[in-house]
Amino acid sequence: MVQRTSPAEAMSMDLSPKKPAKAYGGDGGAYYDWSPADLPMLGAASIGAAKLHLAAGGLSLPSYSDSAKVAYVLQGAGACGVVLPEAAREKVIPVKEGDALALPFGAVTWWHNHNAAAGELVVLFLGDTSKGHCPGRFTNFQLTGASGIFTGFSTEFVARAWDLEQDSAAKLVSTQPGSGIVKLAAGHRMPAPRAEDRDGMVLNCLEAPLDVDIKGGGRVVVLNTANLPLVKEVGLGADLVRIDAHSMCSPGFSCDSAYQVTYIVRGSGRVQVVGIDGTRVLETRAEGGCLFIVPRFFVVSKIADDTGMEWFSIITTPNPIFSHLAGRTSVWKAISPAVLETAFNTTPEMEKMFRSKRLDSEIFFAPN
């Protein structure tokens, strides 16, 4: 049973944005992750977060995880091999910046950056670790490599399982590479990505129809069961949000008990989070490469710097519901004037002025 963190406990946690630490890597690239020791809300929310950086020719060896995930390509282009549970064929998916993939339990994946790539392939992973070995951190199981499945079994078991001679089995086990990431030799041919394998597996958030588009304010693409059915199996929703310079994202909260896990893709801005008893539990400046988590029902708002601000978030439900406290869809617009007058202890004139603001604005407010 997963232990829920109470709102009071969340209030006392360090919610400040954090960057990841390198877990392993080599010439082919590196794997970085966020630890619950550095970001306690990961453990509280049972969320894992990690990044994969692959250099040109880098290959992340086949592995599976103890957690369902959403993968988001932050930079570059390459290929992702996916074998879904009980699938008869591997999918070799061409991936590029802006692609989001839902990876359910049991999916075996590998990632490759082309040998001739001009830059790194960088992939963000966010997922639910509530059924994992370590709440708040992914545990990845390598099929090959020095810490892979082959090395754990005796030569006899490997030989019997794969119908090999003992000496062949011993040679196979002894030649495993030492890391979960390798750099391919020049001229090594990898399977060609197939465009048709993207169907039902990928949504490009930079090319998808916008769910929200506010001129001078911001834009949103939501990843849910309607545009990527595998999201239902993963149990997570996601969105890509881009707000323009000095724009504001309306104060709002998840009203279905979901956590918001936010990775700042690029740009920077100010973030405020308000919790129980009107206490401001976070006021900080977040910048590209940082991750932070908003506890359930807490209210969050952001204002971009002059660079603008872009973030990718997962929400711990496949079809999240949000309530906003400012803008045309604000809950204040629906509450009776007489109730507002009393609640704010103000005059009818002030209540009318308050209600008359932001009649046309959605959830993003462009600078005046």
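Computation of the quantities below employed the complete heavy-atom set of this structure, encompassing side-chain atoms and omitting hydrogens, waters and symmetry-equivalent molecules.
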Nearest heavy-atom pair of [X] and [Y]: which atoms, and what distance?
{"X": "P17", "Y": "T284", "value": "CD-CG2, 3.6 Å"}
{"X": "C205", "Y": "L240", "value": "CB-CD2, 3.7 Å"}
{"X": "P193", "Y": "A79", "value": "CG-CB, 3.8 Å"}
{"X": "V92", "Y": "A192", "value": "CG1-O, 3.8 Å"}
{"X": "A170", "Y": "T155", "value": "N-CG2, 3.8 Å"}

Would [X] and [Y] show up in the same hydrophobic cluster when neighbours are defined by side-chain heavy atoms closer than 4.5 Å?
{"X": "V122", "Y": "I93", "result": "no"}
{"X": "L236", "Y": "L223", "result": "yes"}
{"X": "V95", "Y": "L126", "result": "no"}
{"X": "W34", "Y": "V273", "result": "yes"}
{"X": "V261", "Y": "L101", "result": "no"}

Any side-chain heavy-atom pair from [X] and [Y] closer than 4.5 angstrom?
{"X": "I264", "Y": "E310", "value": "no"}
{"X": "I47", "Y": "T316", "value": "yes"}
{"X": "L143", "Y": "L61", "value": "no"}
{"X": "Q260", "Y": "F298", "value": "no"}
{"X": "S60", "Y": "W110", "value": "no"}
{"X": "R198", "Y": "D99", "value": "yes"}
{"X": "D66", "Y": "F141", "value": "yes"}
{"X": "V220", "Y": "I363", "value": "yes"}

The test is side chain to side chain contact (heavy atoms under 4.5 Å, CB included); show your working for V234 and V70 and say whether it passes.
CA-CA 8 Å; V234 173; V70 172; 4.3 Å; yes
With salt bridge (Lys or Arg N to Asp or Glu O under 4.0 Å) as the test, would you mind laying out the steps for D33 and R137 before giving the verdict?
CA-CA 8 Å; D33 68 356; R137 202 167 201 171; 3.0 Å; yes
Of R270, R266, K19, K18, the one forming a salt bridge (charged side-chain N to carboxylate O under 4.0 Å, His left out) with E287 is K19
How long is the span from the [atom1] atom in [X] to the [atom2] atom in [Y], to the nearest 0.5 Å?
{"X": "K171", "Y": "Q166", "atom1": "NZ", "atom2": "CD", "value": "15.5 Å"}
{"X": "S16", "Y": "R285", "atom1": "OG", "atom2": "CZ", "value": "14.5 Å"}
{"X": "L124", "Y": "L74", "atom1": "CG", "atom2": "CG", "value": "5.0 Å"}
{"X": "F292", "Y": "S313", "atom1": "CZ", "atom2": "OG", "value": "7.0 Å"}
{"X": "D199", "Y": "R194", "atom1": "CG", "atom2": "CZ", "value": "12.0 Å"}

Go through the side-chain N and O atoms of [X] and [Y] and say whether any donor and acceptor fall under 3.5 Å apart.
{"X": "T307", "Y": "D305", "value": "no"}
{"X": "D128", "Y": "S67", "value": "no"}
{"X": "T129", "Y": "S46", "value": "no"}
{"X": "Q272", "Y": "E283", "value": "yes"}

When you measure from the centre of the six-membered ring of W311, is the NZ or CZ of K302 closer than 6.0 Å and no more than 45° off the axis?
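Yes; both conditions hold, so K302 lies above the ring face of W311.
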Decide whether a cation-pi geometry holds between K69 and F138; the criteria are a distance under 6.0 Å from NZ or CZ to the six-membered ring centre and an angle within 45° of the ring axis.
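Cation-pi check for K69 and F138: passes.
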Taking [X] for its side chain and [Y] for its backbone only, find out whether a donor-acceptor pair lies under 3.5 Å.
{"X": "D277", "Y": "T279", "result": "no"}
{"X": "D306", "Y": "A245", "result": "no"}
{"X": "N204", "Y": "A100", "result": "no"}
{"X": "D38", "Y": "S35", "result": "no"}
{"X": "N113", "Y": "G119", "result": "yes"}
{"X": "D244", "Y": "S247", "result": "no"}

What's the verdict on side chain to side chain contact (heavy atoms under 4.5 Å, CB included) for L291 and L39, showing C-alpha distance, side-chain angles and the deciding distance?
CA-CA 9 Å; L291 182 90; L39 191 57; 3.7 Å; yes
Looking at R89 and D197, does any basic side-chain N land under 4.0 Å from a carboxylate oxygen?
yes
NZ/NE/NH1/NH2 to OD/OE distance under 4.0 Å, E207 and K96:
yes
Are the aromatic rings of Y263 and F312 close, with centres under 6.0 Å apart?
no
Determine, stepwise, if the pair F125 / W111 fulfils ring-ring contact (aromatic ring centres under 6.0 Å, His included).
CA-CA 13 Å; F125 300 99; W111 298 81; 5.8 Å; yes
Walk me through whether E97 and L206 qualify under side chain to side chain contact (heavy atoms under 4.5 Å, CB included).
CA-CA 8 Å; E97 181 178 343; L206 299 177; 4.0 Å; yes
Classify the angle between the aromatic ring planes of Y32 and H53 as parallel (below 30°), tilted (30 to 60°) or perpendicular (above 60°).
perpendicular
Taking the six-membered ring for Trp, are F157 and F153 parallel (under 30°), tilted (30 to 60°) or perpendicular (over 60°)?
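Plane angle under 30°, so parallel.
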Please step through side chain to side chain contact (heavy atoms under 4.5 Å, CB included) for the pair L15 and M41, ending with a clear verdict.
CA-CA 7 Å; L15 303 182; M41 277 303 301; 3.2 Å; yes
